[in-house]
Number of protein chains: 2
Amino acid sequence: MDERRTDTRAQIRQVALELFAEQGYDKTSLREIAERLGITKAAVYYHYKTKEEIVGTLFDDLLSGVDEITEWAGAQEPGRATTAEVLRRYHALLAGDSTAQVIRFLQEGQTSFKDLAAGADMKKRFGALARTLAVPGSSTADQLKLRLAMIALHLGAFLEEGIDATPDERRAASLEVALELAGTGSAQRA
Amino acid sequence: MDERRTDTRAQIRQVALELFAEQGYDKTSLREIAERLGITKAAVYYHYKTKEEIVGTLFDDLLSGVDEITEWAGAQEPGRATTAEVLRRYHALLAGDSTAQVIRFLQEGQTSFKDLAAGADMKKRFGALARTLAVPGSSTADQLKLRLAMIALHLGAFLEEGIDATPDERRAASLEVALELAGTGSAQRA
DNA sequence: GTCTATAGCTTGATAGAC
DNA sequence: GTCTATCAAGCTATAGAC
């Protein structure tokens, strides 16, 4: 019975993620996080040195997954096949457990977040992933489409409103659309 | 010589838009706006009663344009042709003068903005526009594509980084991609 | 490991002189 | 039309008792 401790640290992480995803980083105060857990601000500071440290830990899993894909892609020949496989792997990564909330935060809260150290770091690592998608000599439209392909996967991970489908259908459709945007879909007209 | 007054009110509007687009609504303080203009916060309050009133005026032009398109679409038969024309008109609207910054703000700053009265209003009116795009009985993938079509137009209006093209090329490409996503592009395989 | 108390700062907004 | 001065409220973060 060592790992069963209610573990306030993990609870803080969890509640923080919920609130950040819901209302953004800036608008979520430590008081609010503490209150929802029935503890005080000072108690939160015992577990995390700063607010920024909390947000930093939230992205660890996702980011190491991103790095893994980037590394893999770097060892391949650039081309449509690699692009497609990167999108597939990224899609799988996004299907992970609590990833939806992280992505929602990432997708909506860019502004409040980007001047944090963690924000700059993330931007770099996501940029690296985006660059592995590029196929040399693509048109402007194709570059835009790759951008949209990644956004499609993000929307597939969390977007509820305006889309009439179950989460699974939504995710599946997002991969389909992303691959089509990358010009590697199964949609080569019959 | 009645309309040449340096017009602090318009200057405040202009600076506020720049700062909101750059760093979001919440992170931009009235002190910052005032400082950049070489006046004080109190002077700003002479021209606008609240911070929210400033942001409200920024969207007026764009919103009336959106309403116009929505109204037009409501008088048409729903279908691919209407969808395509809505996208084209929305694309033209976005090409307007200072619209790029407004769209950047709109696209990136959702979180900080959505609990304002102006935010709720905007959401409704943009939702109405989005609904005119829908074609009855579309698949989940097609619904997602329409969503992406609007995002494509937004990106075309402002996205600089990661896309290697002039603003005009970028805008043109965004319309092309949007129409293709709506299934009405010229890309019906040769 | 959690608490109370508080320091130190920034914010949006107001009152009233000029 | 712009100013100085001030307000209450909120925030992050720290110190020190229990």
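Source: prediction; values computed, not measured.
Checked against the 6.0 Å centroid criterion, the rings of Phe59(B) and Phe126(B) do not qualify as a close aromatic pair.
Using modelled atom types, no side-chain atom of Glu85(B) and backbone atom of Thr82(B) make a donor-acceptor pair closer than 3.5 Å.
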Donor-acceptor contacts under 3.5 Å from residues 71-80 of chain A side chains, at least two apart:
from, atom 1, to, atom 2, distance (Å)
Gln76(A), NE2, Trp72(A), O, 3.3
Arg80(A), NH1, Ala182(A), O, 3.2

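There is no side-chain donor-acceptor pair under 3.5 Å between Glu22(A) and Gln101(A).
A cation-pi contact links Lys51(B) to Tyr25(B), judged by a cut-off of 6.0 Å to the six-membered ring centre and 45° from its axis.
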Strictly under 4.0 angstrom, non-hydrogen atoms only: write out the protein contact profile of nucleotides 11-18 of chain C, one letter per nucleotide from the 5' end, B, S or -. SBBBB---
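Here dT12(D) presents its P atom at 15 Å from CD of Glu53(A), a figure rounded to the nearest Å. Distance, Ile33(B) CD1 to dT10(C) C1': 15 Å, rounded to whole Å. Straight-line distance from the CD1 atom of Ile12(B) to the P atom of dG1(D): 11 Å, rounded to whole Å. Note: NE2 (His47(A)) to P (dT12(D)) measures 17 Å, nearest angstrom.
The CZ atom of Arg89(B) lies 7.5 Å from the CD1 atom of Ile69(B); values are rounded to the nearest 0.5 Å.
Residue Tyr46(A) places no side-chain N or O under 4.0 Å from the OP1 or OP2 atom of dT2(C). A close approach under 4.0 Å does occur between a side-chain nitrogen or oxygen of Thr40(A) and OP1 or OP2 of dC3(C).
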